[in-house]
Amino acid sequence: MKAGADMKIAGKTVCVFVLLAITKVMRTVGNDRVSVTVGNSSVLTCPPKANMTMVTWKISPRVGGPCTLGYRADQNKTDRTNCSDSMNWKSRPDWDPALEIRQVGIALEGSYTCEVVATEGNFHRTYHLTVLVPPRLTLYCDDHGNPVCEAAAGKPPAQVSWVLESNSTPEEEGHDNGTVTVLRKFTAYSTNVTNTTCIVSHPAGTWSKSIACHPSKNNATIQYVFIILCFLSIIMAVMYYFKLHSDRLCHRTKPENAPTYSPQDDTMEVEPYTTYVQKENVIYNSVSDLTAGQNLPQGLSPAT
């Protein structure tokens with residue numbers, strides 16, 4: 001029994017020793033979250049240790065495969081695997097093993113871990129890099145004369161609010177690159193509001209912009225235009241109806257079988273008379289010639 005108890009105590013002692021050894025060999029320096037605005041540069045530090053033998057940056061970006069940057073002190077040599085040109089040592093890794101990221105983009109968002117091997121043990125530090133995309137603020141009046149505030153393509157989504165009270169709710173639209181557009185209309189409780197200010201809050205900054213819209217005047221203008229168009233349409237319809245009706249009346253009053261006059265009728269009436277006169281003239285001429293040949297008085301005919 002005593003031997004069994006001694007074995008349990010020895011086992012616990014070994015476990016404690018192993019845990020202390022592991023803790024000494026592998027130390028966690030930190031686990032931080034870092035945010036950087038898109039397009040800017042970022043420097044991730046890796047605390048230098050005395051008598052470093054090796055430094056390795058292990059990177060897992062949001063887009064693409066993992067990459068590594070390494071340095072070996074015994075060979076005074078650096079190497080890189082599958083890393084873009086925007087990632088590099090800030091200076092000489094034996095002096096400062098910090099990592100510099102230039103022109104940060106959304107694709108570079110991810111996990112960055114620095115591992116240092118030194119005589120006093122191994123150390124590592126992990127960063128979770130978040131890329132901020134400031135939204136584009138746009139303010140305009142819609143077709144009904146209501147102010148509209150749009151925070152386009154922001155990451156994370158922006159908070160949109162109005163200085164004056166509004167009973168509207170924001171609308172969000174996500175994009176493939178992870179950005180979000182937030183749109184919010186201003187619907188005032190009172191129609192007398194002519195000027196309002198939109199405020200856009202985002203981790204990358206805060207912006208505000210004012211606009212003046214006139215809902216009542218715009219609505220009245222639309223109503224006036226609609227009434228005028230309706231009035232003109234009615235007038236054109238009435239004119240078309242009367243024109244069509246007058247054409248039908250004229251068509252009905254026109255004689256269906258009205259006699260037609262032709263110059264040929266005069267010719268047909270004159271031709272018989274002309275023929276008769278011509279025949280009489282021929283007979284008269286024949287009688288005259290015969291009387292003159294026999295010296296007879298006109299009016300007497302020669303004996304046969």
Worksheet entry | Minimum side-chain heavy-atom gap F186-N146 below 4.5 Å | no
Worksheet item: Do V36 and I101 come within less than 4.5 Å of each other through their side chains, counting heavy atoms only?
Response: no
Worksheet item: Can you find a heavy atom in the side chain of R102 that is under 4.5 Å from one in the side chain of S41?
Response: yes
Worksheet item: Under 4.5 Å between any side-chain heavy atoms of P147 and T196, yes or no?
Response: yes
Worksheet item: For D85, does the CG atom sit with more than 12 other heavy atoms under 6.0 Å from it, leaving out its own atoms?
Response: no
Discussion item. Would T56 and Y71 count as a side-chain contact (heavy atoms from CB on, under 4.5 Å) here? Give the steps.
Written reply: CA-CA 6 Å; T56 304; Y71 166 73; over 6 Å; no
Worksheet item: Are the side chain of K90 and the backbone of D96 linked by a donor-acceptor contact shorter than 3.5 Å?
Response: no
Worksheet item: Yes or no on side-chain contact (heavy atoms from CB on, under 4.5 Å) for C149 and L137, after CA distance, side-chain angles and deciding distance?
Response: CA-CA 7 Å; C149 187; L137 173 59; 3.5 Å; yes
Fill in: Minimum-distance pair of heavy atoms, taken over all atoms of N82 and C67
O-CB, 2.9 Å
Worksheet entry | Single-linkage hydrophobic cluster, 4.5 Å side-chain cutoff, V180 and I199 together | no
Fill in: Heavy-atom pair with the smallest gap, counting every atom of P157 and V182
CB-CG2, 4.2 Å
Worksheet item: Less than 4.5 Å apart, any side-chain heavy atom of H175 and any of E173?
Response: yes
Practice prompt. Identify whether the distance between the nearest side-chain nitrogen and carboxylate oxygen of R125 and D32 falls below 4.0 Å.
Written response: yes
Worksheet item: Do W57 side-chain atoms and P97 backbone N/O form a donor-acceptor pair below 3.5 Å?
Response: yes
Worksheet item: Say you draw a straight line from CG of L229 to CD1 of I234; how long is it, rounded to the nearest 0.5 Å?
Response: 11.5 Å
Discussion item. With heavy-atom distances below 4.5 Å as the criterion, would you say the side chains of T181 and E150 are in contact?
Written reply: yes
Discussion item. Is there a continuous path of hydrophobic side-chain contacts, each under 4.5 Å between heavy atoms, that joins V63 to M87?
Written reply: no
Item to complete: State whether the side chain of Y140 and the backbone N or O of I211 hold a donor-acceptor pair below 3.5 Å, judged by distance alone.
Response: no
Worksheet item: At what distance, to the nearest 0.5 angstrom, does CG of D74 lie from OG1 of T53?
Response: 7.5 Å
Worksheet entry | Heavy-atom closest pair, residues A158 and V200 | CB-CG1, 3.7 Å
Worksheet entry | side-chain hydrogen bond (donor to acceptor under 3.5 Å, both in side chains) partners of S168, counting only residues at least two apart | S166
Worksheet item: Is there a chain of hydrophobic side chains (I, L, V, M, F, W, Y, each step under 4.5 Å between heavy atoms) that links V43 to Y112?
Response: no
Worksheet item: Would you say the side chain of R80 lies within less than 4.5 Å of the side chain of N88, judging by non-hydrogen atoms?
Response: yes
Worksheet entry | Min side-chain heavy-atom separation H144-K185 under 4.5 Å | no
Discussion item. Under the criterion side-chain contact (heavy atoms from CB on, under 4.5 Å), I'd like the reasoning laid out for L99 against C46: C-alpha separation, chi angles, the key distance, then a yes or no.
Written reply: CA-CA 8 Å; L99 175 68; C46 185; over 6 Å; no
Item to complete: State the NZ-SG distance between K58 and C114, to the nearest 0.5 angstrom.
Response: 11.0 Å
Worksheet item: Looking at OG1 of T78 and CZ of R72, how far apart are the two atoms once the value is rounded to the nearest 0.5 Å?
Response: 12.5 Å
Worksheet item: For R62, does the CZ atom sit with more than 12 other heavy atoms under 6.0 Å from it, leaving out its own atoms?
Response: yes
Response to the item:
Shortest non-hydrogen pair, P134 vs L132, comes out as CD-O, 3.8 Å
Fill in: Closest heavy-atom pair and its distance - L129, L108
CD2-O, 3.7 Å
Worksheet item: CZ of R184 to CD of E172: how many Å apart, nearest 0.5 Å?
Response: 11.0 Å
Discussion item. Which label fits W207 and H202: parallel for a plane angle under 30°, tilted from 30 to 60°, or perpendicular past 60°?
Written reply: tilted
Practice prompt. Identify whether V104 and I106 are in the same connected component of the hydrophobic contact network (ILVMFWY, side-chain heavy atoms under 4.5 Å).
Written response: yes
Worksheet item: Hey, which of D142, T138, L139 is the one that makes side chain to side chain contact (heavy atoms under 4.5 Å, CB included) with V148?
Response: D142
Item to complete: Mind listing the closest non-hydrogen atom pair of T119 and A50 along with its distance?
Response: OG1-O, 4.1 Å
Practice prompt. Verify side-chain contact (heavy atoms from CB on, under 4.5 Å) between V117 and N122, making sure each step is shown before the conclusion.
Written response: CA-CA 5 Å; V117 178; N122 296 347; 3.5 Å; yes
Worksheet item: Nearest 0.5 Å, what's the CZ-NE2 distance between R33 and H128?
Response: 5.5 Å
